[in-house]
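Okay, so here's the structure we're looking at.
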Amino acid sequence: MAIVYLSIGSNKGDRLDNIIKAIKLIEDFAEVINYSPIIETKPWGYNSTNLFLNIALKIRTELGCEMLLQKLLSIEKTLGRVKTKPEYEDRIIDIDILFYDKIIIKSKSLTIPHPHIQDRRFVLEPLNSISPNFNHPVLNLNINTLLKRCPDKLMTRKHTTRKEINQLLKNEN
């Protein structure tokens with residue numbers, strides 16, 4: 001069984017519902033061990049008036065990296081994500097594999113650890129709330145240190161607490 005960290009974001013449609021639905025679909029093939037509060041932030045890397053909601057998940061799964069990626073891409077498609085251009089754009093749902101155990105992968109379809117973790121506050125803040133001492137296997141720094149050194153200054157605000165998320169997940173059943 002692998003321990004995997006995911007980042008989920010949404011800035012189109014019912015953002016909170018999109019995230020809850022994604023988590024429920026992930027539970028079909030993985031055990032959700034922990035999740036962060038949801039934060040809200042401006043888009044990173046492009047301009048849009050649609051704010052993002054972001055959450056980090058810690059899961060346990062028997063799936064290998066490539067199969068996990070295919071399952072996550074399938075969830076994105078099921079929830080209505082359509083990529084219309086290669087650069088960043090607004091999206092119903094975005095699910096990224098941040099870490100898969102301490103494995104390092106660089107393939108045509110997948111890079112683990114995710115190559116921009118250290119540059120994105122919207123990833124580091126939620127991740128720090130669930131695993132501040134997790135050590136990045138390439139940078140050899142823990143998440144808390146990466147957050148303190150993060151060059152991204154986009155402001156974030158708490159949107160939904162763990163308790164509220166837990167209730168939403170129960171109501172989804």
Side-chain angles (χ1 to χ4, degrees), residues 1-11 18-39 41 43-46 52-79 81-83 85-152 154 156 165:
M1 294 283 258
I3 299 297
V4 181
Y5 291 91
L6 304 175
S7 177
I8 304 176
S10 175
N11 79 328
N18 295 338
I19 289 172
I20 297 302
K21 285 179 179 173
I23 294 170
K24 292 304 294 176
L25 290 168
I26 289 166
E27 287 178 330
D28 288 345
F29 55 83
E31 175 190 357
V32 176
I33 299 170
N34 201 357
Y35 49 84
S36 69
I38 294 175
I39 62 167
T41 188
W44 183 93
Y46 74 105
F52 268 92
L53 294 184
N54 293 284
I55 188 171
L57 267 62
K58 180 179 183 182
I59 65 170
R60 182 178 298 128
T61 185
E62 292 181 356
L63 298 176
C65 300
E66 291 291 339
M67 182 57 73
L68 176 60
L69 175 63
Q70 293 312 309
K71 292 275 192 183
L72 297 175
L73 291 172
S74 176
I75 290 171
E76 289 181 348
K77 186 175 181 182
T78 297
L79 293 179
R81 180 168 182 188
V82 178
K83 293 182 182 183
K85 53 187 177 180
E87 53 281 343
Y88 297 123
E89 62 183 337
D90 291 342
R91 44 206 167 279
I92 289 172
I93 199 75
D94 183 38
I95 309 171
D96 289 328
I97 301 171
L98 302 175
F99 300 105
Y100 186 102
D101 283 333
K102 298 247 181 197
I103 293 174
I104 299 168
I105 297 174
K106 261 196 162 178
S107 71
K108 192 175 186 180
S109 60
L110 186 59
T111 301
I112 298 176
H114 190 285
H116 300 293
I117 293 169
Q118 67 278 2
D119 301 321
R120 297 175 172 177
R121 181 167 300 282
F122 70 86
V123 170
L124 288 169
E125 275 189 24
L127 193 54
N128 190 60
S129 74
I130 60 173
S131 287
N133 296 317
F134 183 84
N135 209 48
H136 190 297
V138 173
L139 302 176
N140 201 29
L141 296 168
N142 68 34
I143 300 305
N144 188 265
T145 301
L146 290 173
L147 178 57
K148 288 176 183 173
R149 294 180 179 184
C150 182
D152 176 7
L154 285 178
T156 64
I165 296 165

Report task. Step through the shown structure and confirm whether more than 12 heavy atoms of other residues, nucleotides or ligands are within 6.0 Å of CE on Met67. Result -> no

Query raised in the report: How far apart are the closest heavy atoms of Ile112 and Leu98, and which atoms are they?
Result: CG2-O, 4.1 Å

Query - Test item: Ile8 and Asn18 side chains (from C-beta on) under 4.5 Å apart, heavy atoms - result: no

Query raised in the report: What is the minimum heavy-atom distance between Tyr35 and Ile165, and which atoms define it?
Result: CE1-CG2, 3.5 Å

Query raised in the report: Would you call Lys102 and Asn135 a side-chain contact if the rule is heavy atoms closer than 4.5 Å?
Result: yes

Report task. Any chance you could measure Asn144, atom CG, to Arg149, atom CZ, to the nearest 0.5 Å? Result -> 11.0 Å

**Report entry** Asn11 side-chain N/O to Arg91 backbone N/O, donor-acceptor pair under 3.5 Å
**Finding:** yes

**Report entry** Side chain to side chain, Leu63 and Val4, heavy atoms closer than 4.5 Å
**Finding:** no

Query raised in the report: Short question: side chain of Ser129, backbone of Ser36 - any donor-acceptor pair under 3.5 Å?
Result: no

Query - Backbone N/O of Ser74 and side chain of Thr78: donor-acceptor pair under 3.5 Å - result: yes

Query raised in the report: Taking side chain as C-beta onward, heavy atoms only, is His114 less than 4.5 Å from Ile97?
Result: no

Query raised in the report: Looking at Lys58 and Ser131, what are the two nearest heavy atoms and their distance?
Result: CD-OG, 4.3 Å

Report summary line: Of all heavy-atom pairs linking Ile95 and Glu76, the shortest is N-OE2, 2.7 Å

Query raised in the report: Can you tell me if Ser10 uses its side chain to pair, donor with acceptor, with the backbone of Ile92 under 3.5 Å?
Result: yes

Report task. Over 60° means perpendicular and under 30° means parallel, so classify the ring planes of Phe134 and Phe99, tilted if in between. Result -> tilted

Query - Side chain to side chain, Arg121 and Thr156, heavy atoms closer than 4.5 Å - result: yes

**Report entry** Glu66, CD atom: more than 12 neighbouring heavy atoms under 6.0 Å
**Finding:** yes

Query raised in the report: Any idea which heavy atoms bring Ile3 and Arg60 closest together, and the distance?
Result: CD1-NE, 3.8 Å

**Report entry** Student check: side-chain heavy atoms of Val123 and Asn54 closer than 4.5 Å
**Finding:** no

Report task. Write down the atom of Tyr100, the atom of Gly64, and the distance for their closest heavy-atom approach. Result -> OH-CA, 3.5 Å

Report task. For the pair Asp152 (side chain) and Leu154 (backbone), establish whether a donor and an acceptor sit closer than 3.5 Å, ignoring hydrogens and angles. Result -> yes

Query raised in the report: Donor-acceptor pair, Thr61 side chain versus Phe29 backbone, under 3.5 Å?
Result: yes

Query raised in the report: Does the Lys71 side chain pair with the main chain of Asp28, one donor and one acceptor, at a distance under 3.5 Å?
Result: no

Query raised in the report: Considering only heavy atoms from C-beta outward, does the side chain of Ile39 approach that of Pro126 to under 4.5 Å?
Result: yes

